[in-house]
Amino acid sequence: MRDSGGWKPTAYRSHTIGDVTSGGADMIGEEVTISGYAETVRGRGAICFLMLRDGTGRIQAFLKRDNMDETVFDSIQSATRESTIQVTGTVAQKRPPKVPEGEPLPPPEYEVSVTSAAVLADAATPLPVGVTDEVNVGLDVRLDNRHLDLRREHVNAMFQLRSKVLQYGRNHLITEGFQEINTPKIIAAAAEGGTNLFPMKYFETDAYLSQSPQLYKQLAVLGGLERVFEIGPAFRAEKHDTYRHLNEFISFDIEGAWMNDEDVMGVQERMIHHIWSEVAANDQGLIDVVNEYRESQGQDPVSVEVPNIPFPRIPYCDAIEIVKAGGGDIEWGDDIESHHCDIIAAEYPGFHFLPRWPMSMKPFYIHHKEEEKGSSGGQLSRGFDLNYGRDEMTSGGQREHRVDVLEQNLRNMGLEPEDFNFYTDGFRYGAPPHAGWGLGVARLLMVLTGAGNVREVVLFPRDRSRVTP
RNA sequence: GCCCCGAUGGUGUAGUGGCCUAUCAUGCAGCCCUGUCGAGGCUGCGACCCGGGUUCAAAUCCCGGUCGGGGCGCCA
């Protein structure tokens, strides 16, 4: 539940439910108007117990037929679960529940003794997904009814955590001098090559949805903005169907001038350290809610363990040796696949960087130093990944700032430099060496919340077969 | 794109050719009781994905379709 300290009264309530549950001791006898969803409606006689929930808490409203208009009383008494109801009444201390002999009474709680009420909107029955029911609901049904799914406390908590993670990450970057930018999501041509783009019509012109802000954030840095970040959508028309892929996802990107790969790895580990520290300091309550649910499902609780920095760096060449030693079938030059990551994760279970990948496996804009060669003689790059366990969180690197090398890289990868003039022109008039990365927000949230599927932490996910709601 | 698996009331499930006019929970409707509090008690409602086939007999076996899940590839 959210802390509503500082919230102003609105047309539909004088107080939040959280105000009353937390400040009830000083409010006894005070008249309040609160609004919320009807979680349960008990009582069929002269009295009625209405459990109301808003985003800040839940509280019992106590109704007596004698104390109010009978028609209104009946309308509340027959209200369906999840209907929205507004009540006005006085704050009172709740009568303590019966407890078994010898057990201590719980701390005092407060309720609202109702004098007038109104059903604001009826909920149809039955609910397609139960909000408080003790039955598991499949993810697909939940996503079809996300508006109701979000009313479940642990789901709500996960999205509050998502907002916090973005807030803390953003704050940290700002303290390091990064400024927030926005780049276009409608682009004219293949931005990077590689993955498939969603085509679209831009008036009479063929256009695409952007797969990454990569080239544009580089142009911003070349233009002298020094340090930039963007939190925005990226679109990939890949027909994957896994727990960690979506066709639309939010990418947390940075790019900084006068930096190399090691510099931006530093930014990243400091940012993640800051996010984890802040969550541990401020948001344990949200983690507790998630854990309560996990426990009810027989899952282990998650704990917010602030990772030590610096994170381990396992250069590609070393990673290959670790995989080989662990029995993996891999050669220098091969991609490190998920099952290989399992072997590495056994040794490095937390966050770890995998720097210095072969140039042949990295995009054209990644920088390389000619003298840096792998164990088998292949050209190394200044590209890196950040993994957590088996999952890739980030891809980043120092960028190629020498325009002649950049154009040669394009040719090496079968691309036409002329097609990238909008980009390469940015390098023709002096270009600072620079570096950056892109982080999958939902993947980071999976680590923090223990979610087993990115869809859990994305409001309205877009995957291979889902475009609605 | 490849490989596996699955589909039973609103939701989550039991079911392994006849014991299925289909189990349990939750839900919903109604009644009783009640300053309740994970309320309780009683009664009722509600389902075998679609189309073919095998069989005396199909929720169950076979084929096709649709939808969903998992894994891989690729990536964030």
Side-chain angles (χ1 to χ4, degrees), chain A residues 39-51 58-64 78 80-82 92-99 105-106 109 111 113 123-145 148-149 152 192 194-196 211-214 231-253 268 296-297 334-342 361-363 385-388 390-396 437-447 452-455 458 463-466:
Chain A
E39 207 162 275
T40 58
V41 186
R42 283 196 289 275
R44 289 287 183 271
I47 59 171
C48 172
F49 302 98
L50 168 68
M51 187 60 78
R58 56 171 60 76
I59 196 168
Q60 176 170 287
F62 177 62
L63 291 77
K64 245 182 182 156
S78 59
T80 51
R81 297 193 310 164
E82 297 303 316
Q93 189 169 137
K94 202 173 151 187
R95 298 193 185 176
K98 293 169 193 143
V99 293
L105 280 176
E109 289 186 68
E111 65 179 12
S113 187
T125 60
L127 298 167
V129 306
V131 174
T132 56
D133 298 355
E134 291 171 3
V135 288
N136 295 332
V137 185
L139 185 57
D140 207 48
V141 174
R142 289 174 48 202
L143 292 176
D144 283 340
N145 298 279
L148 276 174
D149 185 49
R152 307 205 298 164
E192 298 182 27
T195 80
N196 299 315
Q211 67 173 118
S212 157
Q214 182 59 37
I231 303 170
F235 306 89
R236 308 226 170 140
E238 295 282 355
K239 291 185 175 175
H240 32 46
D241 199 2
T242 78
Y243 67 89
R244 62 190 184 280
H245 289 96
L246 291 175
N247 296 292
E248 175 181 356
F249 64 95
I250 299 299
S251 181
F252 198 140
D253 271 84
Q268 179 150 72
S296 76
Q297 300 302 301
D334 289 342
D335 195 9
I336 299 177
E337 296 169 358
S338 288
H339 57 284
H340 299 136
C341 289
D342 289 332
M361 302 173 61
K362 284 291 165 186
D385 284 354
L386 174 74
N387 279 30
Y388 182 95
R390 76 193 308 255
D391 293 321
E392 185 179 334
M393 302 279 122
T394 291
S395 182
W437 42 255
L439 167 69
V441 170
R443 290 191 182 179
L444 194 63
L445 258 296
M446 284 175 75
V447 174
N453 192 313
V454 277
R455 292 163 180 80
V458 174
D463 64 28
R464 187 177 185 164
S465 54
R466 178 177 290 281

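In the text below, chain A, chain B and the rest are named by the order of the sequence lines, each starting its count at 1.
- Stacking is not found between A:Phe49 and the pyrimidine-like six-membered ring of the B:G35 base under the 5.5 Å centre-distance and 30° plane-angle cut-offs.
- Across B:G30 and B:G68, the matching P atoms stand 36 Å from one another, rounded to whole Å.
- Side-chain contact check for A:Thr132 and A:Arg58: no donor-acceptor pair (N or O, by modelled atom type) lies under 3.5 Å.
- At a threshold of 4.0 angstrom between heavy atoms, the contacts of A:Val137 are confined to the sugar-phosphate backbone, with no base atom among them.
- Backbone-only engagement by A:Gly438 is indicated by non-hydrogen atom pairs under 4.0 Å involving sugar-phosphate atoms exclusively.
- With both pairing distances under 3.5 Å, B:A14 is matched to nothing as a Watson-Crick or G-U wobble pair.
- Nucleotide B:A22 is matched to nothing when pairs are restricted to Watson-Crick or G-U wobble geometry with both distances under 3.5 angstrom.
- Nearer to the 5' terminus of RNA chain B, by closest-nucleotide assignment, is the contact made by A:Val141 (compared with the other of A:Val141 and A:Glu248).
- Rounded to the nearest Å, the gap between the P atom of B:A14 and that of B:U55 is 31 Å.
- Closest of all the heavy-atom pairs between A:Val129 and A:Val137 is CG1-CG1, 3.8 Å.
- Using atom C1' as the reference point in both B:C63 and B:C24, the two lie 34 Å apart (nearest Å).
- B:U23 and B:U60 are spaced 15 Å apart, taking the C1' atom of each and rounding to whole Å.
- In the set B:A76, B:G10, B:A39, B:G10 carries the atom at the smallest distance from any side-chain atom of A:Pro128.
- A salt bridge is defined here as a Lys NZ or Arg NE, NH1 or NH2 lying under 4.0 Å from an Asp or Glu carboxylate O, and A:Arg152 with A:Asp133 fails to meet this definition.
- If you check every strand for non-hydrogen atoms under 4.0 Å, A:Leu246 touches a base.
- With P as the reference atom, B:C3 and B:G64 are 14 Å apart, rounded to whole Å.
- Listed for the A:Arg244 side chain is no donor-acceptor partner under 3.5 Å among the backbone atoms of A:Glu392.
- For B:C67, the paired nucleotide is B:G6, the pair qualifying as Watson-Crick or G-U wobble because both relevant distances are below 3.5 Å.
- Counting heavy atoms from C-beta on, the side chains of A:Arg236 and A:Phe249 come closer than 4.5 Å.
- Checking side-chain atoms of A:Thr80 against main-chain N and O of A:Ala123 turns up a donor-acceptor pair under 3.5 Å.
- Ion pair A:Asp463/A:Arg455 flagged as a salt bridge, since at least one NZ, NE, NH1 or NH2 atom sits closer than 4.0 Å to an Asp/Glu carboxylate oxygen.
- With hydrogens and angles left out, the side chain of A:Arg443 and the base of B:C75 share a donor-acceptor pair within 3.5 Å.
- With a cut-off of 3.5 Å on both pairing distances, B:U55 has no Watson-Crick or G-U wobble partner at all.
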Report, as a single string ordered 5' to 3', how protein heavy atoms within less than 4.0 Å touch nucleotides 67-73 of chain B: B base, S sugar-phosphate only, - not at all. -SSSSSB
Below 3.5 Å is the cut-off: list the nitrogen or oxygen pairs between protein and nucleotides 45-50 of chain B, distance only.
none

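- Note on A:Pro96: a base of the nucleic acid sits closer than 4.0 angstrom, heavy atoms only.
- Distance from the side chain of A:Arg95 is smallest to B:G35 among B:G35, B:U26, B:A76.
- Using a 4.0 Å heavy-atom distance criterion, A:Ser251 is classed as making no nucleic acid contact.
- Across the C1' atoms, B:C19 and B:A57 are found 14 Å apart, a figure rounded to whole Å.
- For the pair A:Glu109 CD and B:C37 C1', the interatomic distance rounds to 9 Å; values are reported in whole Å.
- For A:Glu392 and B:A76, the CD to C1' distance is 6 Å, given to the nearest whole Å.
- Here, B:C4 and B:U21 have their C1' atoms 38 Å apart, quoted to the whole Å.
- Between the P atoms of B:G6 and B:U13, the separation comes to 14 Å (whole Å).
- Looking at every heavy atom in both residues, A:Ala234 comes nearest to A:Ser251 through CB-CB, 4.5 Å.
- Side-chain proximity of A:Arg42 to B:C75, B:C37, B:G10: nearest is B:C37.
- Across all strands shown, B:C28 is found opposite B:G44 as a Watson-Crick or G-U wobble partner, with both distances under 3.5 Å.
- In this structure, A:Asp144 places its CG atom 11 Å from P of B:G12, rounding to the nearest Å.
- The main-chain N or O of A:Thr40 is never found under 3.5 Å from a side-chain atom of A:Arg81 such that the two would form a donor-acceptor pair.
- When both distances must be under 3.5 Å, the Watson-Crick or G-U wobble mate of B:G1 is B:C72.
- Taking atom CE of residue A:Met51 and atom C1' of nucleotide B:U36, one finds them 10 Å apart after rounding to whole Å.
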